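Please read all numbers here as calculations on a predicted model, not as lab measurements. Any value given below was found using the heavy atoms of this structure, including those in side chains, with hydrogens, waters and symmetry copies removed.
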There are 2 protein chains.
Amino acid sequence: MSARRGTPLTIEEICSTAVRLIDESGVEGLSMRKLAAELDVNPMSLYHHVESKEALLGLVCATAAERMHMPPDDGSPWQEQLKALGLAYHRHALEHPALWGYLHTHPQLISDHRLAIWQTLYRILRLAGVPESELPRTSEILNAFVAGVIVAETQGRLSDDPEEIDRTFDLAVHLIINGMVSFSA
Amino acid sequence: MSARRGTPLTIEEICSTAVRLIDESGVEGLSMRKLAAELDVNPMSLYHHVESKEALLGLVCATAAERMHMPPDDGSPWQEQLKALGLAYHRHALEHPALWGYLHTHPQLISDHRLAIWQTLYRILRLAGVPESELPRTSEILNAFVAGVIVAETQGRLSDDPEEIDRTFDLAVHLIINGMVSFSA
DNA sequence: ACCTGAACACCGTTCAAGT
DNA sequence: ACCTGAACACCGTTCAAGT
């Protein structure tokens, strides 16, 4: 039997449809069978492009992490750049809350420190006076802090009044920056 | 047909067995059917004690949170008390990593601020000079920070050398306390 | 009140077969 | 190379029936 559709499946199509389904009904609402139905394809066809559901989720998270837009080095003080990075992270996560919730509970998916987000964080932390040997540890912690706040937010524990959310995120950034100040002294 | 076992099922027995299975193979490794088999009971018997799998996980998390041992008010400075609370949290989470991973990604499960952990945190934050109106927000953020670090740790992103873990957690506590200092000024 | 088996509507994935 | 249907070994949960 030939393909049910005109064009052949591509991995990009699979990924972007998966992201849409996850946005609509969460990671636990995504199944290989629903995804295949959405693509008008036999469930098993997916397995020619992806090794397993877990691998697909990994791929989806990796592309989401790569697509995150990084604030450029504009020469401003590290405090401002750190805040800008936090806000970029925050904004991106709010666009795909369920996906980032999954990503943050499977941190091995963004453990590669060559990713743009880590490189940007390293650059800002150097600016803040963090010694080279402490960069991995410090960046992991700051990432964990932000991840924790984003999970709390996207999983709906924090208020859903946007102004309240902003004030809360501001406080988080404020706390982190104050904590960092001891390194730049 | 009568019960396969001598004694009748209790909710406590269900919970503690669920915790054991989660410790052994993670939340995604727990199924109602496996749990029933472990209890030597028909899968459907569980539903006379628990409304659904989700409700069971909520109950398991709630009892875990209640059981957490809180450091008492020993009159020491807030910095030390905050550190002690963080360590208690950390130790407890490392005993049941999978469970706390689940708990932290379903933060509504510990959103009740009457829980001992919140009351203890409130007390310490008051000591640190946080104004009453800022207590909920500040405690949510600090909890999110610690949750993020614990998820990163238990999900195995951070090193598994115990000494390294301790240094990393120390840095996290250090950052948080430094960040808080601005409130007690 | 508590427990049971059969059944329903789903899963992810393997396999052998098709083009 | 890419896709397919049938099948396997699982899920959570409903329901009607048993004691």
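In this structure, A/Glu51 places its CD atom 14 Å from C1' of C/dT14, rounding to the nearest Å. Following rounding to the nearest Å, A/Tyr47 (OH) and C/dA16 (C1') show an atom-to-atom distance of 17 Å.
The gap from the C1' atom of D/dC11 to that of C/dA7 amounts to 14 Å, rounded to the nearest Å. For the C1' atoms, the distance from D/dA17 to C/dA1 is 15 Å, rounded to whole Å. Between C/dC10 and D/dC8, the distance separating the two C1' atoms is 15 Å to the nearest Å.
Among the atoms of the strands shown, only primed sugar atoms or phosphate atoms (P, OP1, OP2) are found under 4.0 Å from some heavy atom of B/Met32.
Nearest-nucleotide positions on DNA chain D for A/Leu46 and B/Ser52 put A/Leu46 closer to the 5' end. Of the residues near DNA chain C, A/Arg33 and A/His48, the one whose nearest nucleotide (by heavy atom distance) lies more toward the 5' end is A/Arg33.
Side-chain nitrogen and oxygen atoms of A/His49 include at least one within less than 4.0 Å of the OP1 or OP2 phosphate oxygen of D/dC3. Within the 4.0 Å cut-off from OP1 or OP2 of D/dC3, not a single side-chain nitrogen or oxygen of A/Asn42 is found. For A/Ser45 and D/dC2, the shortest distance from a side-chain N or O to OP1 or OP2 is not below 4.0 Å.
Within 6.0 Å of CD in A/Glu95 there are more than 12 heavy atoms belonging to other residues, nucleotides or ligands. Shown here is B/Glu24, whose CD atom has more than 12 heavy atoms of other residues, nucleotides or ligands within 6.0 Å.
A side-chain donor-acceptor contact under 3.5 Å links A/Glu140 and A/His113.
Aromatic ring centres of B/His104 and B/Tyr89: separated by under 6.0 Å.
For D/dA6, the paired base is C/dT14 (Watson-Crick or G-U wobble, both distances below 3.5 Å).
Listed nucleotides: D/dG12, D/dC2, C/dA6. Nearest to the side chain of B/Met44: C/dA6.
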